[in-house]
Participant: 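Starting off with a structure, shown below.
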Amino acid sequence: MMEESGVESTPPGTPPSDSSAASSLAVSVSLASPRPPPTNISQGPPPIASSLTLSPMRASLPGPPITNYARPAAPAFTVHGATGTEHSATPGLISGPTSESASLPGSAITFPEEPEDLCGSHAPHAGMGQSSLWGFFKGVAEKPLVKTVLDKTKHSVESMITTLDPGMAPYIRSGGDVDIVVTSNKEVKVYAVRDAFQEVFGCATVNGELAESNIAPQPVGYAAGLKGAQERIASLRRSGVIHEKQVAVSIESFIAELLPDRWFDIGCLILEDPSLGLQLEVFTQATPLPLHFVQQAQGETPPNYGLRWSGLATTIGEVLERSLPHTTRTDWHVSLTGLSRRHMVHSAAKVLAGLYKQRLMARGS
């Protein structure tokens with residue numbers, strides 16, 4: 001029976017043989033120095049973990065002989081590390097990388113193996129690829145509420161930049177398909193038209209060119225105001241400053257007697273687009289004028305004035321500049337009404353831009 005169990009007993013006090021000491025030393029070295037995991041895991045199929053075979057050794061403890069001794073099976077489980085190496089929890093057993101758990105006697109607890117994720121697919125929100133992530137942001141940005149917030153933010157940033165440096169306004173919103181030439185180099189007109197078209201179209205290129213009206217300096221009546229605006233555009237085309245198909249906006253101020261002895265200053269704005277055969281006209285709000293200022297301008301115009309058919313030789317602005325302190329001939333509207341001429345021109349130009357945009361959309365549909 002003792003020979004069948006593979007365990008050999010010796011009487012107490014008998015010193016161990018040399019072979020037994022060598023076996024114990026081999027077991028100790030084997031347990032203390034586990035084999036390192038294989039460095040190349042890509043060559044060949046993964047090896048199956050092999051158990052360590054213990055050499056028979058003699059019991060050296062005093063006492064009665066131990067018979068029918070059998071080593072109990074220890075539970076074992078394998079853990080898959082981040083580097084693909086399996087580590088066995090059974091003492092003295094080291095297993096290499098394998099796709100299956102080691103076959104050991106007894107009950108085994110195994111964890112399912114997952115392929116190594118080199119792209120970080122297990123990170124939060126990593127289920128979405130790059131295209132899906134971009135699609136997510138694009139979908140959010142297209143929502144009406146988010147779009148409104150983004151537009152307001154963009155407008156606020158642009159307003160802050162243009163407030164700190166007004167000269168940046170033409171560069172921020174310049175571009176697009178709309179190219180406008182204003183028949184004037186005065187900022188009060190050019191800036192008003194530029195702001196209006198950029199607000200309506202988003203981006204627009206608006207520049208100013210000095211042009212002559214070839215009528216009286218102070219036009220009188222609607223017909224004279226419209227004629228002066230048209231002549232400014234025609235003079236730029238004749239001189240070659242703008243080409244024949246260039247879209248142009250012209251502004252001409254005039255006075256008119258809308259009621260008996262009630263005179264008003266009005267601005268005429270026209271837009272010409274020769275490529276479409278289009279001409280649009282709008283007018284600014286009427287600004288009331290004191291009668292004696294109009295009479296003074298009339299008195300300074302000679303009876304034989306050559307352009308008397310179109311208006312007066314002296315402008316209302318010149319009269320107000322001499323009569324009212326802190327008043328300029330280019331923007332006397334602030335002194336009389338508290339509202340600048342630029343604001344009045346801007347309001348009318350925005351209406352003009354809106355009409356032009358509708359015509360373009362109608363022709364494109």
Side-chain angles (χ1 to χ4, degrees), residues 152 155-156 158-170 173 180 182-200 206 208 213 216-222 224-226 228-229 232 249-271 281-300 311-312 314-355:
K152 289 184 177 180
H155 180 71
S156 300
E158 291 178 353
S159 299
M160 179 186 66
I161 295 175
T162 54
T163 300
L164 297 176
D165 187 2
M168 289 295 297
R173 296 185 180 180
I180 304 291
V182 181
T183 60
S184 176
N185 58 358
K186 296 179 180 178
E187 295 182 358
V188 66
K189 296 180 179 180
V190 178
Y191 284 10
V193 175
R194 179 186 292 125
D195 292 345
F197 274 81
Q198 289 179 347
E199 288 176 10
V200 173
V206 180
S213 64
Q218 180 57 71
V220 177
Y222 280 87
L226 179 60
R232 291 181 185 276
V249 172
S250 184
I251 305 169
E252 189 68 39
S253 295
F254 63 94
I255 60 174
E257 189 178 11
L258 302 182
L259 299 172
D261 293 334
R262 302 288 299 274
W263 290 81
F264 295 84
D265 176 83
I266 306 169
C268 175
L269 284 76
I270 66 171
L271 181 145
E281 305 91 5
V282 296
F283 297 89
T284 65
Q285 67 185 59
T287 303
L289 296 171
L291 180 58
H292 62 278
F293 291 144
V294 178
Q295 292 174 345
Q296 184 176 346
Q298 291 174 343
E300 294 179 2
L312 306 175
T314 303
T315 65
I316 296 298
E318 293 173 349
V319 174
L320 291 173
E321 187 178 40
R322 296 193 305 261
S323 304
L324 300 178
H326 310 293
T327 302
T328 62
R329 66 181 65 186
T330 57
D331 196 7
W332 51 265
H333 301 75
V334 176
S335 301
L336 290 184
T337 65
L339 194 63
S340 67
R341 188 185 183 194
R342 176 175 175 176
H343 183 84
M344 297 179 184
V345 174
H346 174 268
S347 299
K350 195 169 183 179
V351 175
L352 187 66
L355 294 174

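For this chain, numbers begin at 1 and follow the sequence in order. In this text, all values refer to a predicted model and were calculated from it rather than measured experimentally.
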Participant: Take atom CZ of Arg262 as the centre, draw a 6.0 Å sphere, and report whether it contains more than 12 heavy atoms from other residues, nucleotides or ligands.
Facilitator: no

Participant: Counting distance only, does the side-chain N/O of Asp331 pair as donor-acceptor with the main-chain N or O of Arg341 below 3.5 Å?
Facilitator: yes

Participant: Taking C-beta and beyond as the side chain, do Thr315 and Trp332 meet within less than 4.5 Å on heavy atoms?
Facilitator: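 Not touching, per the 4.5 Å side-chain cut-off.
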
Participant: Output, in order, the C-alpha distance, side-chain angles, deciding distance and verdict of side-chain contact (heavy atoms from CB on, under 4.5 Å) for Glu257 and Val294.
Facilitator: CA-CA 10 Å; Glu257 189 178 11; Val294 178; over 6 Å; no

Participant: Mind listing the closest non-hydrogen atom pair of Val206 and Arg194 along with its distance?
Facilitator: O-NH2, 2.9 Å

Participant: Does the side chain of Ile251 reach to within under 4.5 Å of the side chain of Val193, using non-hydrogen atoms?
Facilitator: yes

Participant: Any non-hydrogen side-chain atom of Val188 less than 4.5 Å from a side-chain atom of Val345?
Facilitator: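 Of all side-chain heavy-atom pairs linking Val345 with Val188, none is under 4.5 Å.
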
Participant: Would you give the length of the straight line joining atom CG of Asp261 to atom CH2 of Trp263, rounded to the nearest 0.5 angstrom?
Facilitator: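 One finds 9.0 Å between CG of Asp261 and CH2 of Trp263.
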
Participant: Nearest heavy-atom pair of Ser253 and Gln218: which atoms, and what distance?
Facilitator: O-NE2, 4.2 Å

Participant: Less than 4.5 Å apart, side chain to side chain, heavy atoms only: is that true for His333 and Leu336?
Facilitator: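 Heavy-atom side-chain distance check fails, nothing below 4.5 Å.
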
Participant: Which value, rounded to the nearest 0.5 Å, describes the distance between Gln298 atom CD and Leu312 atom CG?
Facilitator: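 Between Gln298 CD and Leu312 CG, I get 6.0 Å after rounding to 0.5 Å.
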
Participant: For a 4.5 angstrom cut-off between non-hydrogen side-chain atoms, does Ser323 reach His292?
Facilitator: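 Not touching, per the 4.5 Å side-chain cut-off.
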
Participant: For a 4.5 angstrom cut-off between non-hydrogen side-chain atoms, does Asp265 reach Ile316?
Facilitator: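 Heavy-atom side-chain distance check fails, nothing below 4.5 Å.
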
Participant: State, yes or no, whether a side-chain contact exists between Met344 and Thr337 at a heavy-atom distance under 4.5 Å.
Facilitator: yes

Participant: If you take all heavy atoms of Ala286 and Pro288, which pair is closest and at what distance?
Facilitator: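 Heavy atoms only, the tightest pair is O-CD, 3.8 Å.
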
Participant: So Gln296 and Arg322, side-chain contact (heavy atoms from CB on, under 4.5 Å) or not? Walk me through it.
Facilitator: CA-CA 11 Å; Gln296 184 176 346; Arg322 296 193 305 261; 3.5 Å; yes

Participant: Start with the C-alpha distance between Leu271 and Phe197, add both sets of side-chain angles, then the distance that settles side-chain contact (heavy atoms from CB on, under 4.5 Å), and finish with yes or no.
Facilitator: CA-CA 12 Å; Leu271 181 145; Phe197 274 81; 3.6 Å; yes

Participant: Look up atom CG in Leu258 and atom CD1 in Ile266, then write down how far apart they are to the nearest 0.5 Å.
Facilitator: 5.0 Å

Participant: Any donor-acceptor pair under 3.5 Å linking the side chain of Arg329 with the backbone of Glu321?
Facilitator: no

Participant: Looking at Lys189 and Ser184, what are the two nearest heavy atoms and their distance?
Facilitator: CD-OG, 3.5 Å

Participant: Does any N or O in the side chain of Thr284 come within less than 3.5 Å of the main-chain N or O of Gly267, such that one atom is a donor and the other an acceptor?
Facilitator: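 Yes, the answer is positive, given that a donor and an acceptor are paired below the 3.5 Å cut-off.
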
Participant: Can you list the residues that meet the ring-ring contact (aromatic ring centres under 6.0 Å, His included) rule with Phe264, with sequence neighbours excluded?
Facilitator: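 Scan of Phe264 (ring-ring contact (aromatic ring centres under 6.0 Å, His included), adjacent residues dropped) gives none.
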
Participant: Closest heavy-atom contact between Ser213 and Gly228?
Facilitator: CB-O, 3.8 Å

Participant: For a quick test of your reading: what N or O donor-acceptor pairs under 3.5 Å do the side chains of residues 346-354 make, sequence neighbours left out?
Facilitator:
unit_1: His346; atom_1: NE2; unit_2: Glu199; atom_2: OE2; d: 3.4
unit_1: Ser347; atom_1: OG; unit_2: His343; atom_2: O; d: 3.1
unit_1: Lys350; atom_1: NZ; unit_2: Glu199; atom_2: OE1; d: 3.1

Participant: Which atoms form the tightest heavy-atom contact between Phe254 and Cys268, and what is the distance?
Facilitator: CE2-CB, 3.9 Å

